[in-house]
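Structure first, then comments.
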Amino acid sequence: MTGNHALAPPIPAAAEDADDPGRRFARLAGALALVERLAGMESPLEDRASAEDIAAGYGRATPIARRRFDALASETATFSAAGMEILLRQRTAGRGDCRAAARRLAAEIAAALAAMAALVARRGPAA
């Protein structure tokens with residue numbers, strides 16, 4: 001049973017913003033910032049899309065791009081939560097240096113955020 005708790009999103013979404021793509025993106029960016037701190041990295045927040053940009057782009061995106069964004073947001077929340085839980089347990093238990101694992105998780109989350117931003121940056125079908 002405890003294994004299922006590792007699959008919960010890193011930050012519970014309130015009912016009113018559960019479908020807001022900008023807020024979902026911002027929560028994942030917040031999780032990335034935490035993982036980057038665990039990795040001893042600096043977070044380049046200015047390089048990331050804003051929640052407002054994501055929400056606006058999502059509104060213009062094709063239905064297929066929206067579905068892929070939603071699926072990628074869910075997948076990212078799931079693996080981020082699981083990875084963060086493991087990293088925090090390792091750190092709390094003092095079981096060695098987990099910075100390399102945190103860097104890998106940060107890279108995966110950053111790649112997912114970039115893919116999500118790219119999905120909603122597109123306008124209409126590809127030429």
Side-chain angles (χ1 to χ4, degrees):
M1 283 266 185
T2 58
N4 290 338
H5 294 280
L7 300 179
I11 301 170
E16 65 272 5
D17 72 292
D19 293 327
D20 184 320
R23 288 187 182 167
R24 284 184 289 164
F25 187 87
R27 282 192 305 273
L28 291 170
L32 174 57
L34 173 62
V35 173
E36 287 173 332
R37 282 194 302 273
L38 290 171
M41 302 166 61
E42 293 201 24
S43 182
L45 293 175
E46 66 278 352
D47 293 345
R48 297 201 183 105
S50 72
E52 294 80 17
D53 292 339
I54 295 297
Y58 187 93
R60 292 187 308 264
T62 65
I64 292 171
R66 288 180 190 176
R67 280 193 193 144
R68 182 61 192 132
F69 179 97
D70 294 339
L72 190 53
S74 293
E75 293 166 15
T76 305
T78 299
F79 76 72
S80 297
M84 287 171 49
E85 182 177 332
I86 292 167
L87 289 171
L88 291 172
R89 267 196 221 147
Q90 292 291 95
R91 185 171 183 219
T92 302
R95 295 188 185 145
D97 189 4
C98 63
R99 286 182 291 182
R103 282 192 297 273
R104 175 60 191 233
L105 179 58
E108 293 293 329
I109 298 169
L113 287 172
M116 290 167 64
L119 281 166
V120 297
R122 297 183 186 133
R123 294 182 187 224

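Numbers here are sequence positions counted from 1. None of the values given here were measured: they were computed from a predicted structure.
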Minimal non-hydrogen separation, [X] against [Y], with atom names:
| X | Y | answer |
| --- | --- | --- |
| Ala112 | Phe79 | CB-CZ, 4.5 Å |
| Ala106 | Glu36 | CB-CG, 3.9 Å |
| Pro21 | Ala55 | CG-CA, 4.2 Å |
| Ala31 | Met84 | CB-SD, 3.7 Å |

Gap separating the [atom1] atom of [X] from the [atom2] atom of [Y], nearest 0.5 angstrom:
| X | Y | atom1 | atom2 | value |
| --- | --- | --- | --- | --- |
| Thr76 | Arg27 | OG1 | CZ | 12.5 Å |
| Gln90 | Arg99 | CD | CZ | 14.5 Å |
| Leu38 | Arg91 | CG | CZ | 5.5 Å |
| Leu113 | Glu108 | CG | CD | 11.5 Å |

Examine distances only and state if a side-chain atom of Arg23 and a backbone atom of Ala51 form a donor-acceptor pair shorter than 3.5 Å.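 Not confirmed, Arg23 side chain does not pair with Ala51 backbone.
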Main-chain N/O of Val120 paired with Arg66 side-chain donor or acceptor, under 3.5 Å: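 Not confirmed, Arg66 side chain does not pair with Val120 backbone.
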Among Leu105, Ile86, Leu88, Leu87, whose side-chain contact (heavy atoms from CB on, under 4.5 Å) with Cys98 holds?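 Passing option: Leu87.
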Knowing that exactly one of Leu32, Val35, Leu34, Ile109 qualifies, which makes a side-chain contact (heavy atoms from CB on, under 4.5 Å) with Ser80?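 Going through Leu32, Val35, Leu34, Ile109 one by one, the side-chain contact (heavy atoms from CB on, under 4.5 Å) with Ser80 is satisfied by Ile109 alone.
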Side chain to side chain contact (heavy atoms under 4.5 Å, CB included) between Ile54 and Phe69: does it pass, once the steps are laid out? CA-CA 10 Å; Ile54 295 297; Phe69 179 97; 3.6 Å; yes
Do the side chains of Tyr58 and Asp70 get nearer than 4.5 Å, heavy atoms only?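 Answer yes - side chains close enough.
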